*Asks:* 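For reference, the structure I am asking about is given below.
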Amino acid sequence: MAEYISVSKISNYVEKEVTIKGWVYNRTDKGKLVFLLVRDGSGFVQCVAFKGDLDPEVFDRVMRLPQESSVIITGSVREDKRAPGIPGGYEVGVKQIEIVQEAGLDYPMSLKDHGPDFALDNRHLWIRMQSQWAILRVRATVMAATREWLDNNGFIAMDTPILTPAAAEGTTTLFETEYFDEGKAYLAQTGQLYNEANIFAFGKVYCFGPTFRAEKSKTRRHLTEFWMLEPEIAFCDLDGLMEVEEQMLTHIIQRVLRERLPELKSLGRDISKLEKIVAPFPRIFYDDAAKMIAELREKETDPEKKELLAFEWGMDFGAPHETAITSQFETPVFVYGYPSAVKAFYMEPWPGRPEVCKSVDLLAPEGYGEICGGSERISDHDALLARIRKEKLPEDAFKWYLELRKYGSVPHSGFGMGIERVTSWICGIEHIREAIAFPRTIKRVYP
RNA sequence: UCCUUGCUAGCUCAAUUGGCAGAGCGAGCGGCUGUUAACCGCUAGGUUCUAGGUUCAAGUCCUAGGCAAGGAGCCA
C-alpha cells in the first residue's frame, strides 16, 4: 500500500511509491504519454502516464481528462530536472489513477491572462491558479509569523469588538447597522481604543482581525474589508514603538523567505530585494521628509511628475510623495512627527511643537507606501478631552476611553499594520485585491 | 464625489479614412514517447454593453444611459 503524501513533502519520497490526491491543473498529451500537472493544495507536481503502463481504456480517459478533474494517483517518485511544479524537479510515474470526478469542459479559468472583472467574478475558481495560490500561502505565513513574534515577545492576544457604538476617527467611513433597541451600531474600523483599555490590564496586547472602512476609495491599495494587526504597548514611547515595528517586520520577512521561497519565486519576486529588509530602518522627521520631497521635485524633469510632487508643509503625503521618499532607500522607512491637523485626535503632541504630533508611518519600498501607521497616544486626561471637544466628537461615547487617563495613566503607543498591504509588497503584486481570498471593494461583494 | 480610460467569440485582444467580423488561447476531432501556459492540421463558436440618432453604409461618428478599471481625496 503506497503512502499518502502531500506534494510539498515530495522530496522525501524519491524512488518510493506514493499516493497523491488532487486536481488536474494542466494536461499535455503527447500521443503515447500524458503529462498531468496535479495540484493538491500544498504544491504542484508533474505526473507522467505512459500508454503501456495503464489499461488502454483508462489511458484514453486520462488523455482527455479535463482541467480541474479530481484524481487520486499512485505511482513512484523520481527526480527529474525537467519536471515543472512547486517545489518542482520531481515527478510521479503513474501506476494507478482513480478519477474522482471528470470536471466539466466549460471550466472558465484558462491558464492564460484574465481581465480583473472576469477574474474577480470567478474568484472562487481564480484562487486555484498558481499565482493566487502562492500569494494566499504567503499571506497565511505573514499572519502566522506576525502572531509568532508577538506571542514570543510578551504580547497578549485580545479580541476587540467588531460591533461598536461609535467611531474612533469620525463616522463618515463607517458601515452602519441597526442594533436592536440600542440604535445604530458600526462595524469596527480599528480595535485601538479597546486595546488602550486592555494594556492597563495586560501591559502589551494586540488584536488581529477584520476591519471595515466605507471609504469610497478605488485604488490598488484599498479594500473595504481588510485584516489589521494592532499592537498596543504600555510604558512605550515613539522610539520604542518604531523598534517593535522594525523587529516584527524583519521577523515576518525572514520567516516568509524561509518557508515560502518557492511561492515567491513562482510569482517572479526579486528575492534579493526582500533579503535586504533587516532592522533597523531609517527614521525621518516629517520636516526632513518635506525637504527631501522638495529636493526630489527640483531634480524631476518630467513636468507631470513634478506637478504630482507639489508639496507644502502641513500636508499629508500622497502616494507620489511616499514613492519619492521610499525610492531613496532599500528598506522600509519610518516617517514620524506629522502635523497634528492631518492625524487623529488621540495622538500625543510633540513637546515644544504643538502643531506636530508623535505619529509614525512605516512606508514600504518599491512604491508600496504605507504599511503601518501608529503613534504615541495622549496620556493626559484634560489634553485628550480638549481634543475630543475640538473635533466635536460625541463626549458620551468616549466616557470610558477618557476614564483610562484617570486611573494610572502612562505613556503608551501602538500601531496598525495592514496585512494585505504587507502581503502585496512581499509578493510584489500589482493589486491588493489579490492578497485576500475574497476581496471586498466599493464595487464588489460577490462572490 | 471628481478626473481619465475601456466595453467586439467562453477568455485575452485586433479590425487602416465610416466600406465583407478577425487572431491566439480555451472547446471538439486527428497526429506526435519529454511537455513546461507544448506543438502541427482540421472543425464549431458573434444581438460588437443598452437605447436612440446621422449615413447608401456604423464595431468605428453623435446623444443618453449602464457596467468595469486606474487615479485623486481619505486611509492600513
Side-chain angles (χ1 to χ4, degrees), chain A residues 25-37 44-53 63-64 66-68 80-86 88-89 91 93 104-122 125-126 129-131 168-170 172-173 189-192 210-230 245 266 304 307-308 315-320 322 342-344 361-364 368-374 415-425 430-433 435-436 441-444:
Chain A
Y25 187 66
N26 197 14
R27 187 200 71 231
T28 304
D29 58 274
K30 284 282 302 172
K32 293 192 175 102
L33 78 164
V34 183
F35 298 101
L36 298 177
L37 189 57
F44 292 68
V45 68
Q46 174 163 282
C47 301
V48 191
F50 289 91
K51 194 167 188 174
D53 295 348
M63 203 153 113
R64 290 154 202 282
Q67 186 190 358
E68 293 305 318
D80 192 320
K81 286 202 172 74
R82 294 170 297 183
I86 296 178
E91 65 179 22
L105 290 170
D106 53 353
Y107 183 68
M109 299 298 289
S110 68
L111 300 180
K112 297 274 182 182
D113 292 336
H114 300 286
D117 197 26
F118 177 82
L120 287 168
D121 278 344
N122 290 283
L125 306 174
W126 189 24
M129 283 188 79
Q130 190 174 290
S131 59
E169 301 164 27
T172 53
T173 60
Q189 53 182 190
T190 171
Q192 181 203 318
T211 49
F212 306 89
R213 308 261 168 112
E215 292 162 5
K216 299 200 170 172
S217 298
K218 277 181 57 180
T219 81
R220 68 186 67 192
R221 300 185 313 283
H222 287 88
L223 296 166
T224 56
E225 178 182 315
F226 67 96
W227 282 65
M228 185 158 67
L229 166 81
E230 294 180 276
E245 290 185 38
S266 81
E304 225 171 280
E307 179 58 34
L308 284 170
M315 283 167 58
D316 203 353
F317 297 123
E322 290 184 353
V342 299
K343 289 291 179 183
D361 284 355
L362 183 59
L363 310 179
Y368 283 91
E370 185 178 354
I371 49 174
C372 297
F415 68 94
M417 181 176 87
I419 292 303
E420 290 80 13
R421 285 194 181 174
V422 171
T423 304
S424 298
W425 162 52
E430 286 286 306
H431 203 296
I432 194 169
R433 65 186 162 221
I436 186 166
T441 62
I442 183 169
K443 288 288 184 185
R444 189 171 291 277

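These numbers were taken from a predicted model, which means no experiment stands behind them. Every chain is numbered from 1, with letters handed out A, B, ... down the list of sequences. No hydrogens, no waters, no symmetry mates; every other heavy atom, side chains included, goes into these values.
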*Asks:* Just how far, in rounded Å, is C1' of B:C39 from NZ of A:Lys30?
*Replies:*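 From A:Lys30 NZ to B:C39 C1': 7 Å.
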
*Asks:* Among B:C74, B:U35, B:G73, which nucleotide sits nearest the side chain of A:Lys216?
*Replies:*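 Nearest nucleotide to the side chain: B:G73.
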
*Asks:* Just jot down the salt bridge (Lys or Arg N to Asp or Glu O under 4.0 Å) partners of A:Glu91, sequence neighbours excluded, or say none.
*Replies:*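 A:Glu91 satisfies salt bridge (Lys or Arg N to Asp or Glu O under 4.0 Å) with A:Arg78 only.
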
*Asks:* Which whole number of Å gives the distance between the P atom of B:G22 and that of B:U48?
*Replies:*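 B:G22 and B:U48 have their P atoms separated by 14 Å.
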
*Asks:* Tell me whether A:Arg27 contacts the main-chain N or O of A:Val34 through its side chain, where contact means a donor paired with an acceptor under 3.5 Å.
*Replies:*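 No; judged by distance alone, with no hydrogens or angles, the pair does not exist.
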
*Asks:* Closer than 4.0 Å, any side-chain N/O of A:His114 to the OP1 or OP2 of B:G10?
*Replies:*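 No, because none of the side-chain N or O atoms of A:His114 sits under 4.0 Å from OP1 or OP2 of B:G10.
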
*Asks:* Which heavy atom of A:His114 sits nearest to which heavy atom of A:Ala119, and what is that distance?
*Replies:*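 Residues A:His114 and A:Ala119, closest heavy atoms: CB-CB, 4.3 Å.
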
*Asks:* A:Thr219 side chain to A:Arg221 main-chain N or O, any donor-acceptor pair under 3.5 Å?
*Replies:*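 Here the side-chain-to-backbone pair exists.
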
*Asks:* Would you say whether A:Phe35 stacks on B:G34? The test is a distance between ring centres of less than 5.5 Å and an angle between planes of less than 30°.
*Replies:*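 The ring of A:Phe35 is not stacked on B:G34.
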
*Asks:* To the nearest 0.5 Å, how far apart are NE2 in A:His222 and CD in A:Glu420?
*Replies:*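 Here the rounded value is 12.5 Å.
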
*Asks:* Starting at CD of A:Gln189, measure out to OG1 of A:Thr173 and round the result to the nearest 0.5 Å.
*Replies:*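 Rounded to the nearest 0.5 Å, the CD-OG1 separation comes out at 4.0 Å.
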
*Asks:* Given atom CZ of A:Arg27 and atom C1' of B:C25, what is their separation to the nearest angstrom?
*Replies:*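 Taking atom C1' of B:C25 as the reference, CZ of A:Arg27 is at 14 Å.
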
*Asks:* Could you give the distance from CD (A:Gln67) to OH (A:Tyr107), rounded to the nearest 0.5 Å?
*Replies:*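 That separation rounds to 6.0 Å.
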
*Asks:* Identify whether the distance between the nearest side-chain nitrogen and carboxylate oxygen of A:Lys343 and A:Asp361 falls below 4.0 Å.
*Replies:*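 So A:Lys343 pairs with A:Asp361 through a salt bridge.
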
*Asks:* Work out how far the P atom of B:A57 is from that of B:G53, and round it to whole angstrom.
*Replies:*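 It comes out at 12 Å once rounded to the nearest Å.
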
*Asks:* Taking atom P in both B:C7 and B:C11, what distance in whole Å separates the two?
*Replies:*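 Between the two P atoms, the distance is 14 Å.
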
*Asks:* Closest approach to the side chain of A:Ser217, judged atom by atom: which nucleotide of B:G34, B:A68, B:C74 is it?
*Replies:*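 Comparing B:G34, B:A68, B:C74 against the side chain of A:Ser217, the answer is B:C74.
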
*Asks:* Just the dot-bracket of RNA chain B, please: which string comes out with Watson-Crick or G-U pairs under 3.5 Å, [ ] for crossing, | for another strand?
*Replies:* (((((((..((((.....[..)))).(((((.......))))).....(((((..]....))))))))))))....

*Asks:* Would you measure the distance from the C1' atom in B:G10 across to the matching atom in B:G45 and give it in whole Å?
*Replies:*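 After rounding to an integer number of Å, I get 9 Å for this pair.
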
*Asks:* Can you tell me the distance, in whole Å, between the NZ atom of A:Lys218 and the C1' atom of B:C75?
*Replies:*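 Result: 17 Å.
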
*Asks:* Nearest 0.5 Å, what's the CZ-CG distance between A:Arg213 and A:Leu223?
*Replies:*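 Going from CZ on A:Arg213 over to CG on A:Leu223, the span is 11.5 Å.
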
*Asks:* In Å, rounded to the nearest 0.5 Å, how long is the span from CD of A:Gln46 to OH of A:Tyr25?
*Replies:*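 A:Gln46 CD to A:Tyr25 OH: 14.0 Å, rounded to 0.5 Å.
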
*Asks:* Enumerate the residues from residues 104-113 of chain A whose closest heavy atom to RNA chain B is under 4.0 Å, giving them by residue number; use none for an empty result.
*Replies:*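 Correct list: A:Leu105, A:Leu111, A:Lys112, A:Asp113.
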
*Asks:* Charged N to carboxylate O below 4.0 Å: is that the case for A:Asp29 and A:Lys51?
*Replies:*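 Between A:Lys51 and A:Asp29 there is no salt bridge, as every charged N stays at least 4.0 Å from the carboxylate O atoms.
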
*Asks:* Please measure how far the C1' atom in B:C75 lies from the corresponding atom in B:U16, and state the result in whole Å.
*Replies:*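 One C1' to the other, the span is 47 Å.
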
*Asks:* For the pair made of NZ in A:Lys443 and P in B:G66, what is the distance, rounded to whole Å?
*Replies:*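 Taking NZ of A:Lys443 and P of B:G66, I get 10 Å after rounding.
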
*Asks:* Provide the distance between the two P atoms, one in B:C25 and one in B:A68, to the nearest whole Å.
*Replies:*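 The answer is 31 Å between these two P atoms.
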
*Asks:* Between B:C7 atom P and A:Leu120 atom CG, what is the distance in whole Å?
*Replies:*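 Spelled out: CG on A:Leu120 to P on B:C7 is 19 Å.
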
*Asks:* Using the C1' atom in both, what is the distance from B:A9 to B:G18, to the nearest Å?
*Replies:*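 After rounding to an integer number of Å, I get 24 Å for this pair.
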
*Asks:* Would you tell me if any nitrogen or oxygen in the side chain of A:Arg220 comes within less than 4.0 Å of OP1 or OP2 on B:A76?
*Replies:*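 Result: no.
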
*Asks:* At 4.0 Å (heavy atoms only), tell me whether A:Phe226 reaches a base, stays on the sugar-phosphate, or touches nothing.
*Replies:*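 Since a base atom lies under 4.0 Å of A:Phe226, the category is base.
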
*Asks:* Which part of the nucleic acid does A:Asp361 contact within heavy-atom distance under 4.0 Å: base, sugar-phosphate only, or nothing?
*Replies:*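 It contacts nothing in the nucleic acid.
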
*Asks:* Round to the nearest Å and state the distance from A:Leu229 atom CG to B:C75 atom C1'.
*Replies:*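 Going from A:Leu229 (CG) to B:C75 (C1'), I get 17 Å.
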
*Asks:* Kindly point out which of B:C74, B:G70, B:A76 is positioned nearest to the side chain of A:Leu223?
*Replies:*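 That would be B:A76.
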
*Asks:* Contact class for A:Gly85 vs. all strands (heavy atom < 4.0 Å): base, sugar-phosphate, or nothing?
*Replies:*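 Here A:Gly85 touches no strand at all.
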
*Asks:* Let me spell it out: for each of A:Thr441 and A:Phe317, pick the nucleotide of RNA chain B with the closest heavy atom. Which residue's pick is nearer the 5' end?
*Replies:*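 Comparing both residues, the 5'-ward one is A:Thr441.
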
*Asks:* Given the C1' atoms of B:G19 and B:U12, what is the spacing between them in whole Å?
*Replies:*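 Straight-line distance between the two C1' atoms is 27 Å.
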
*Asks:* Find the distance A:Met63:CE to B:G28:P and express it as a whole number of Å.
*Replies:*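 Spelled out: CE on A:Met63 to P on B:G28 is 12 Å.
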
*Asks:* By the 4.0 Å heavy-atom rule, please label A:Ile432 as base, sugar-phosphate, or nothing.
*Replies:*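 A:Ile432: base contact, heavy atoms under 4.0 Å.
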
*Asks:* Which is true for A:Met417 with a 4.0 Å heavy-atom rule: it touches a base, it touches only sugar-phosphate, or it touches nothing?
*Replies:*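 A:Met417: no heavy atom of the nucleic acid under 4.0 Å.
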
*Asks:* Measuring from A:Trp227:CH2 to A:Thr423:OG1, what's the distance to the nearest 0.5 Å?
*Replies:*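 Reported value, rounded in 0.5 Å steps: 12.5 Å.
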
*Asks:* Could you state the atom-to-atom distance from CG of A:Leu308 to P of B:G70 in whole Å?
*Replies:*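 Distance check: A:Leu308 CG to B:G70 P gives 18 Å.
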
*Asks:* Would you kindly compare A:Leu33 and A:Ile442 by the position of their nearest RNA chain B nucleotide and give the one closer to the 5′ end?
*Replies:*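 Per heavy-atom nearest nucleotide, the more 5' residue is A:Ile442.
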
*Asks:* At less than 3.5 Å, do the side-chain atoms of A:Glu91 and the base atoms of B:G34 form a donor-acceptor pair?
*Replies:*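 Counting by modelled atom types and ignoring angles, a donor-acceptor contact under 3.5 Å is found here.
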
*Asks:* Are A:Arg64 and B:G30 close enough that a side-chain N or O sits under 4.0 Å from OP1 or OP2?
*Replies:*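 For B:G30, OP1/OP2 do have a side-chain N/O of A:Arg64 under 4.0 Å.
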
